[in-house]
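So you know, we letter chains A, B, ... as the sequences are listed, proteins then strands, and number each from 1.
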Amino acid sequence: MNDKVLNEEQRRAEERAEMNAEAQAAADAASTYEHGWSSDIEQDFAEKGLTEDTVRFISGKKGEPEWMLDWRLKAFRMWEKMESPDWAKVNFPAIDYQDAYYYAEPKAKPKLNSLDEVDPEILRIYEKLGIPIEEQKVLAGVEGARKVAVDAVFDSVSVATTFREELESAGVIFRSISEAIKEYPDLVKKYLGKVVPMKDNYFATLNCAVFSDGTFVYIPKGVRCPMELSTYFRINAENTGQFERTLIVADEGSYVSYLEGCTAPMRDENQLHAAVVELVAMDDAEIKYSTVQNWYPGDENGKGGIYNFVTKRGLCQGKNSKISWTQVETGSAVTWKYPSCVLNGENSVGEFYSVALTNNYQQADTGTKMIHNGKNTRSTIISKGISAGKSDNTYRGLVRVGANAENVRNFTQCDSLLLGDQCGAHTVPYIEVKNPTATIEHEATTSKISDDQMFYAQQRGLDEEEAVALIVNGFAKEVLKELPMEFAVEAQKLLAISLEGSVG
Amino acid sequence: MLKIENLQANVGVTQILNGLSLTINAGEIHAIMGPNGAGKSTLAYTLGGRPNYEVTDGSVSFTTSVRAEPVDAQTDDPSTSSGRTDQTLDLLDMDPHERAAAGIFLGFQYPVEIPGVSNLQFLRESLNAQRKVRGEDPLSGAEFIKLAKEKAGLLKMDMEMLKRAVNVGFSGGEKKRNEMVQMGIIDPKLAILDETDSGLDIDALRIVGDGINSIMRKPDKAVLLITHYQRLLDLVKPDFVHVLANGKIVKTGGPELALELEEHGYEAVAA
Ligand SMILES: Nc1ncnc2c1ncn2[C@@H]1O[C@H](COP(=O)(O)OP(=O)(O)OP(=O)(O)O)[C@@H](O)[C@H]1O
Ligand SMILES: [Mg+2]
């Protein structure tokens with residue numbers, strides 16, 4: 001292979017990654033950031049608290065059809081009778097659901113005149129991620145920077161328009177969920193709540209009642225989506241909302257790769273985030289869903305930080321279908337998240353690749369469920385937990401094989417890496433097999449970075465922090481290589497940044 | 001280049017180096033021999049700055065010729081003295097990565113595995129980290145690959161090996177040869193090679209010997225070879241041979257000392 005070409009490719013991938021992140025971040029920056037709302041800005045929000053009226057207000061604001069409002073109301077009434085789950089290995093004070101806003105249209109944020117006015121800590125992290133100055137301005141929301149920078153770096157509007165045209169000519173539907181509810185009601189009605197039922201769990205039910213916005217994707221039969229879909233390219237929708245809703249349907253023989261998230265540190269006034277993601281794959285279809293999550297984790301004393309309670313599930317409905325979840329979770333104070341696959345179609349395949357990193361006082365309880373209902377279904381679970389500081393990191397995974405599912409195979413590998421001796425790593429596997437033909441393999445390891453490795457790397461020239469970053473990235477390699485190129489480079493830097501100060 | 005005076009060091013609570021002195025000048029090759037457990041690896045680790053190797057007394061200074069500011073990097077030639085000046089560092093005051101950047105390389109007796117990190121990635125990051133400390137521009141991917149190919153070629157190592165994770169699944173001999181590829185790429189001033197010859201087959205020993213000569217036998221460089229066997233010294237001819245016993249140098253001589261040791265053993269020669 002030609003090294004020049006390779007190298008050029010890597011450089012371009014890095015560039016693309018930068019563009020993606022920048023663009024994604026620009027979209028995020030336009031919504032809310034750090035300082036929340038200031039009082040002199042025109043607001044369009046629902047009163048504090050959660051009642052039927054709040055639900056009606058949200059639905060009305062979005063101009064939703066009657067059926068959607070009814071659906072939300074049904075969920076709300078259900079939710080009122082439910083209780084917050086307590087089985088996960090996480091601790092957080094009870095959430096007062098009446099002391100929060102459920103609908104506020106982001107209009108503006110404080111105006112900054114230059115980067116000098118931005119929190120130096122945030123600037124330092126931008127620097128480490130390698131974000132160019134002009135883009136930093138956009139991220140931080142410096143007055144007038146957005147248009148200039150975005151236009152200068154790459155013409156985002158025209159790029160997005162071109163992409164949209166390309167998608168449309170392929171027959172791909174890529175809309176905000178609000179748009180889709182109006183434009184494609186039959187499709188949405190057919191699948192919404194079919195993979196994650198309304199009553200699934202406390203946070204999912206809450207999401208059904210008050211979801212703010214999100215994404216809808218439909219890939220028609222036989223279409224290979226011509227590009228990686230990332231939330232950014234749906235230009236006019238803000239999707240870093242508190243209660244995001246995503247629905248992706250891949251029809252027979254189609255393929256789509258979808259990316260969500262952002263490596264730049266994300267702050268949000270909303271403490272609770274409860275998203276729902278549903279995926280459906282028909283015969284021979286494949287969905288690859290990648291996430292990089294870096295919500296504000298709280299400070300080094302464990303103050304502040306986002307609670308991230310997400311329900312993600314994919315249904316392999318058709319034969320030979322495949323759903324892959326890849327996630328890099330470094331943010332949030334509390335993460336509660338189990339991207340799962342329901343393998344109904346014969347020969348269908350579910351995959352879960354996860355890196356969860358916790359530092360300081362972060363708590364993560366994450367894993368997957370592989371529900372094998374169809375014959376010859378296969379699943380692979382690779383989980384890499386990295387704990388530092390005083391954090392707690394739990395892998396919780398279920399592999400279930402139904403009575404009629406012949407010849408199921410599962411391979412699970414859970415590796416934990418500990419930095420320091422004040423953090424915790426836990427592995428909680430649940431295996432339920434009702435069919436004797438199943439082959440289930442589970443491997444688990446717990447390790448520490450060895451003194452030998454550290455000294456070897458330092459003797460070659462890396463400082464302590466660089467050495468840890470290198471070794472940690474090596475540990476997470478099997479998962480990182482599943483990420484699309486543009487995410488992989490950033491995810492590596494992100495792991496390094498998230499471990500800052502955890503050595504020495 | 002390296003001046004060690006009365007070095008005393010503990011590993012944990014045990015004192016291992018007991019007042020060791022040794023001077024190595026640029027252009028010289030020194031060999032250290034000595035019985036198992038004498039403190040040879042301890043000396044190497046202590047010079048590298050390994051944590052837990054606590055120096056309780058003595059000093060180590062490291063002098064190299066560096067570019068005098070400001071000099072155009074393009075026209076800088078380390079083999080001439082023009083535009084260059086000597087810099088003396090107190091090694092014991094420096095972090096391990098700073099010592100590496102200053103030009104100290106340890107060939108490990110037991111090279112370490114780093115799963116999931118390819119040799120190429122490891123070396124590129126390491127080299128560029130050193131260059132950064134020295135205020136030099138990083139090597140681009142293409143420049144680095146060219147360099148890596150050249151050095152791998154020198155040590156007759158397949159580039160495919162360098163794409164694999166650092167030392168993972170390498171045989172004992174492959175690990176040692178890999179250390180020498182790393183040395184070639186990093187291009188240090190002083191190489192401290194801890195039993196690089198053990199574990200090598202006959203052909204590999206020759207390749208490694210030739211490699212050491214071609215990489216390190218230069219007027220502005222020096223080598224400290226730690227070895228148990230004459231066969232390496234046949235290939236890399238030392239200027240001085242030292243016997244290390246009980247944590248200090250007990251005898252120093254020319255190449256003939258190694259032959260003497262081989263014939264009569266430590267007890268007889270160093271007593
Ligand atoms: N962590 C440690 N704690 C206590 N003693 C140690 C420790 N590490 C090494 N030693 C001791 O220090 C002494 C010197 O060890 P060192 O590895 O330097 O020997 P060496 O000369 O390199 O021997 P060899 O020829 O076998 O490689 C040995 O007695 C060894 O057991
Ligand atoms: Mg030794």
Can you say whether [X] sits under 4.5 Å from chain A via the side chain, the backbone, both, or neither, judging by heavy atoms?
X: B/Asn128; answer: neither
X: B/Tyr110; answer: neither
X: B/Arg99; answer: neither
X: B/Leu106; answer: both

Kindly check if the number of other-residue, nucleotide or ligand heavy atoms within 6.0 Å of [atom1] ([X]) is above 12?
X: B/Arg164; atom1: CZ; value: yes
X: B/Lys218; atom1: NZ; value: yes
X: B/Asn52; atom1: CG; value: no

Margin query: Using the rule side-chain contact (heavy atoms from CB on, under 4.5 Å), only one of A/Met454, A/Gln459, A/Gln453 pairs with B/Val112; which is it?
Written below: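 When A/Met454, A/Gln459, A/Gln453 are each tested with B/Val112, the side-chain contact (heavy atoms from CB on, under 4.5 Å) holds only for A/Gln453.
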Check: Side chain, backbone, both or neither: which part of A/Glu466 has a non-hydrogen atom closer than 4.5 Å to chain B?
Finding: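 Just its side chain gets close to chain B.
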Next item on the list: Below 4.5 Å from any heavy atom of chain B, which atoms of A/Ala457 appear? Answer side chain, backbone, both or neither.
Entry: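 It is both, since atoms from each part get that close.
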Based on non-hydrogen pairs under 4.5 Å, which of [options] is most in contact with chain A?
options: B/Ser118, B/Pro111, B/Ala129; value: B/Ala129
options: B/Glu125, B/Gln121, B/Glu98; value: B/Glu125
options: B/Val133, B/Val166, B/Ile104; value: B/Ile104

Which atoms form the tightest heavy-atom contact between [X] and [Y], and what is the distance?
X: B/His97; Y: A/Leu462; answer: CB-O, 3.2 Å
X: B/Gly48; Y: A/Phe455; answer: O-CE1, 3.6 Å
X: B/Ala100; Y: A/Gln458; answer: CB-O, 4.1 Å
X: A/Arg460; Y: B/Ser126; answer: O-CB, 3.2 Å

Note to self: Contact between B/Asp95 and A/Glu464 at the side-chain level, heavy atoms closer than 4.5 Å - yes or no?
What the structure shows: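 Sidechains of A/Glu464 and B/Asp95: no contact.
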Next item on the list: Side-chain contact test, heavy atoms from C-beta onward, threshold under 4.5 Å: evaluate it for A/Ile471 versus B/Ile114 and give yes or no.
Entry: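 Sidechains of B/Ile114 and A/Ile471: in contact.
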Check: Which one of A/Ile449, A/Leu480, A/Asp463 has the most heavy-atom pairs closer than 4.5 Å to chain B?
Finding: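 The residue among A/Ile449, A/Leu480, A/Asp463 with the greatest pair count is A/Asp463.
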Notebook entry, point to check: Any side-chain donor-acceptor pair under 3.5 Å between B/Asn167 and A/Tyr456?
Noted result: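 The answer is yes; a qualifying pair exists.
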